[in-house]
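Here the structure is a predicted model, which is why all the values come from computation and not from measurement.
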Amino acid sequence: TDVLELPQLTAAVAQARGTADGARARPEYEQFARTRERMAREQDVVTAREQPRLSAFARVGYGRPGLNFISDQFEPYGLAGVHIQWNALTWGAPDREREALALQQQIVSADEAAFARVVDRSTQPDLAAIDRLENALALDDRIITLREQIDRSTQLRLQESVVTAAEYLARSTELLDARFARAGHRVELAQAGAKFLTTLGLEVR
């Protein structure tokens, strides 16, 4: 008893074709972006390791002995100071790490561009099918309009006994075939649109 309905994808397909954001909906693009962010943080880490690090410390206590190791009495004591750490000699390691990260970023950019080309090539047949089917549907509408006119005319002529029932049945069959063809093209158009949106990573509703 369920009635199957075709999804209305015309607006979604038109929006995806008209905007560049539609082509960036796949999760792979998010992965490329996260990889670039990770490499940027790694470069920040490399830069931070080259910088001198300054830290302060303080310690207080009460014990025997205190700061005077000769005394055998309990006494409070306190220590404070500044600690500086700087790797002056890195032997070019940070530069090599930056170069390696730059090469990895170029690899990620190349992979993303190659993936974008694959997605674009994958959508071209679907877009061609969508254009072909939209034109076919426009032609189907015109054919059905003409077939309906012919059917009405043949029905009037049958009532006047100008044509036979077989000829009227033939005209009615042609009208029904035209409607079936249009319905088939609508299903094919929905299928092509769903495949196009799925390839782009967009949800089909």
| message | Evaluate L189 against R186 for side chain to side chain contact (heavy atoms under 4.5 Å, CB included), listing each step before the verdict. | response | CA-CA 5 Å; L189 179 61; R186 285 177 177 170; 5.6 Å; no

| request: For side chain to side chain contact (heavy atoms under 4.5 Å, CB included), just list the numbers for V45 and R41, CA-CA rounded to whole Å, side-chain angles, deciding distance to a tenth of an Å, and then say yes or no. | output: CA-CA 6 Å; V45 170; R41 289 194 298 269; 5.6 Å; no

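- For the residue pair M39 and V108, the shortest heavy atom distance occurs at CE-CG2, 3.7 Å.
- Criterion: ILVMFWY side-chain heavy atoms under 4.5 Å apart, direct or through other members. Under it, L176 and L137 are not part of a common hydrophobic cluster.
- Note on ring orientation: taking the six-membered ring where Trp is involved, the planes of Y62 and F74 are parallel (angle under 30°, cut-offs 30° and 60°).
- A pairwise comparison of heavy atoms in A190 and L9 identifies O-CD1, 3.6 Å as the closest pair.
- The local environment of CD in Q159 is crowded, with over 12 non-hydrogen atoms from other residues, nucleotides or ligands closer than 6.0 Å.
- Taking CG from L101 and CZ from R36, the interatomic distance works out to 14.5 Å, rounded to the nearest 0.5 Å.
- Residues T164 and E167 are in side-chain contact: their nearest non-hydrogen atoms beyond the backbone lie under 4.5 Å apart.
- The environment of E99 atom CD is sparse: at most 12 non-hydrogen atoms of other residues, nucleotides or ligands sit within 6.0 angstrom.
- We find that R34 and E37 are joined by a salt bridge, their nearest charged nitrogen and carboxylate oxygen being less than 4.0 Å apart.
- A salt bridge does not link D177 with R182: every distance from a Lys NZ or Arg NE/NH1/NH2 to an Asp or Glu carboxylate oxygen is 4.0 Å or more.
- Around atom CD of E134, more than 12 heavy atoms belonging to other residues, nucleotides or ligands sit under 6.0 Å away.
- The minimum heavy-atom distance between T199 and S122, with the atom names listed, is CG2-CB, 3.9 Å.
- Both V204 and V13 sit in one connected hydrophobic cluster of ILVMFWY residues. Membership requires side-chain heavy atoms under 4.5 Å apart, directly or through other members.
- Taking every heavy atom of both residues into account, I130 and G193 meet most closely at CD1-CA, 3.9 Å.
- D151 has its side chain within reach of Y168: a pair of non-hydrogen atoms, C-beta onward, lies under 4.5 Å apart.
- Of all the heavy atoms in L202 and A16, the pair that sits closest is CD1-CB, 3.8 Å.
- Atom CD of E160 is separated from atom CG of L156 by 6.5 Å, given to the nearest 0.5 angstrom.
- Ion pairing between a basic and an acidic side chain is recognised when a charged N comes within 4.0 Å of a carboxylate O; R171 and E174 show such pairing.
- Salt bridge status for R98 with D95: present, with a side-chain N to carboxylate O gap under 4.0 Å.
- For the atom pair T123 OG1 and R17 CZ, the distance stands at 9.0 Å (nearest 0.5 Å).
- One distance of note links CG of N135 with NE2 of H185; it measures 11.0 Å at 0.5 Å rounding.
- V119 and L127 fall within the same hydrophobic cluster, where Ile, Leu, Val, Met, Phe, Trp and Tyr residues are linked whenever their side-chain heavy atoms come under 4.5 Å apart, directly or through other members.
- Looking at every heavy atom in both residues, A116 comes nearest to Y29 through CA-OH, 3.3 Å.
- More than 12 non-hydrogen atoms from other residues, nucleotides or ligands lie less than 6.0 angstrom from OH of Y77.
- A search for side-chain hydrogen bond (donor to acceptor under 3.5 Å, both in side chains) contacts involving R142 returns nothing, not counting sequence neighbours.
- One N or O on the side chain of T145 and one on the backbone of D141 form a donor-acceptor pair closer than 3.5 Å.
- Put simply, CD on Q155 and CZ on R157 are 13.0 Å apart, with the number rounded to the nearest 0.5 Å.
- Note on L133: it does not cluster hydrophobically with I143, by side-chain heavy-atom contacts below 4.5 Å among ILVMFWY residues.
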| Steps toward salt bridge (Lys or Arg N to Asp or Glu O under 4.0 Å) verdict (R117, E112) | CA-CA 9 Å; R117 287 194 296 270; E112 184 176 10; over 6 Å; no

